[in-house]
Protein chains: 2
Amino acid sequence: MFRGISKISIDAKGRFAVPAKYRSELQDKCANQLVITVDPDQCLLMYPKPRWDEIENQLMTQGNLSKDVRRLQRLIVGYATDCEISSQGKVQLSQPLRDYAGLDKTGMLVGQGQRFEIWDADTWLKLTDDWRRAEQAKESLNESLVDLQL
Amino acid sequence: MFRGISKISIDAKGRFAVPAKYRSELQDKCANQLVITVDPDQCLLMYPKPRWDEIENQLMTQGNLSKDVRRLQRLIVGYATDCEISSQGKVQLSQPLRDYAGLDKTGMLVGQGQRFEIWDADTWLKLTDDWRRAEQAKESLNESLVDLQL
DNA sequence: ACACTTTTTGCCACTTTGATACACAAAAAA
DNA sequence: TTTTTTGTGTATCAAAGTGGCAAAAAGTGT
């Protein structure tokens, strides 16, 4: 399970270093084989290859009659790019992926269980600030969450 | 169960010493393995690892179609960082965590049952002062609390 | 009040990690 | 082919994290 947030800096050619603490787990899980794609929320998703295969399978066996499904398939599968963690621990993000997520010099790599999310740093800070405000302002939580005991 | 409040000082590298009185309990509960994450209220939450695992499990099995759920997952799991109490009894707080809670030189470590909260000292003092004022001003408590016998 | 123990804190040196710059290779465009 | 763009590997330097020690402070008991 991946968790935790790290600031990453993206070099002129679009590479970033995978934080050291995740490298051994990634080595084990997928022999450094990743798939990176886009999320409807302006960020990128980074999966270990085996986990991606499950996702892709789920998506492509949905039938494609619904507009929503076709749209998701086009986005998610369309942008999905195979990547490998280099011997120096770096990952290359293609130009289209960087463009989609508005990634420039600095990003945030956010562990989310079975996958990572990659956000532009500014976008992330603005969003989390909004979320925090929203959570604080709320008198009552969404019903599905009221039983949660943090 | 953790209780009590302690002033902690955070060194230049972001470390603080766990107060001695908690060390044996933490040793027993989690072999010094902690997970620290953020709370929507500008503070950090520090869990013994086994307790964290329960929380994470609850959160990540919620499905991620609802915006509220995704938001919480991103915040709570996204910031969650594994930490270990060093042989000298110190804990390292990563830069993103310190940034989120506005932690600088001194903080407050507040026992809250199954977890600790970590506040920036100034923020804490200001907040508790506000709360005190608010409680005093109030004629009656929220209905859900009337049965409580302090 | 004194001596002694425990805890806290600040400091230093060392190691690991990450950023930058540069040279080179491959592929695409001209 | 030549030129340009895009990606890759490597070396060097800076920053961040780690561990350990020791002085200072706080706490304890006599």
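Chain A is the first sequence line, chain B the second, and so forth, proteins listed ahead of strands; every chain is numbered from 1.
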Practice prompt. Please state whether the rings of A/Trp131 and A/Trp119 are parallel, tilted or perpendicular, taking 30° and 60° as the class boundaries.
Written response: perpendicular
Worksheet entry | Whichever of B/Leu93 and A/Gln95 has its nearest DNA chain D nucleotide further upstream toward 5' | A/Gln95
Worksheet entry | Contact boundaries on DNA chain C for chain B, cut-off under 4.0 Å to non-hydrogen atoms | C/dT7 to C/dA13
Discussion item. Taking A/Arg15's backbone N and O only, do any of them form a donor-acceptor pair with A/Asp11's side chain (distance below 3.5 Å, no angle check)?
Written reply: yes
Worksheet entry | Minimum heavy-atom distance between B/Met46 and B/Phe16, given as atom pair plus value | SD-CZ, 4.2 Å
Discussion item. I'd like to know whether A/Lys21 forms a salt bridge (Lys or Arg N to Asp or Glu O under 4.0 Å) with B/Asp82, so could you lay out the CA-CA distance, the side-chain angles of the two residues, the decisive distance to 0.1 Å, and finally the verdict.
Written reply: CA-CA 10 Å; A/Lys21 60 179 166 183; B/Asp82 292 300; over 6 Å; no
Worksheet item: Between the axis at one end of the helix from C/dA1-D/dT30 to C/dA30-D/dT1 and the axis at the other (five pairs apiece), what's the angle to 10 degrees?
Response: 30°
Response to the item:
Tightest non-hydrogen contact, residues A/Ala17 and A/Ile8, listed as O-CG2, 4.0 Å
Worksheet entry | Over all atoms of both residues, closest heavy-atom pair of A/Leu103 and A/Ile10 | CD2-CD1, 3.9 Å
Worksheet item: Under 30°, 30 to 60°, or over 60°: which ring-plane class applies to A/Phe2 and A/Tyr22, parallel, tilted or perpendicular?
Response: perpendicular
Discussion item. If I compare all heavy atoms of A/Leu72 with all of A/Pro40, which pair ends up nearest, and what's the gap?
Written reply: CD2-CG, 4.3 Å
Report all interatomic pairs (protein N or O, nucleotide N or O of nucleotides 8-12 of chain D) with separations under 3.5 Å.
unit_1: D/dT8; atom_1: O4; unit_2: A/Lys13; atom_2: NZ; d: 3.1
unit_1: D/dG9; atom_1: N7; unit_2: A/Arg15; atom_2: NH1; d: 2.9
unit_1: D/dG9; atom_1: O6; unit_2: A/Arg15; atom_2: NH2; d: 2.9
unit_1: D/dT10; atom_1: OP2; unit_2: A/Gln88; atom_2: OE1; d: 3.3

Fill in: Donor-acceptor under 3.5 Å (B/Glu56 side chain, A/Gly113 main chain)
no
Worksheet entry | Flag, side chain of A/Gln112 to backbone of B/Gln73, donor-acceptor distance under 3.5 Å | yes
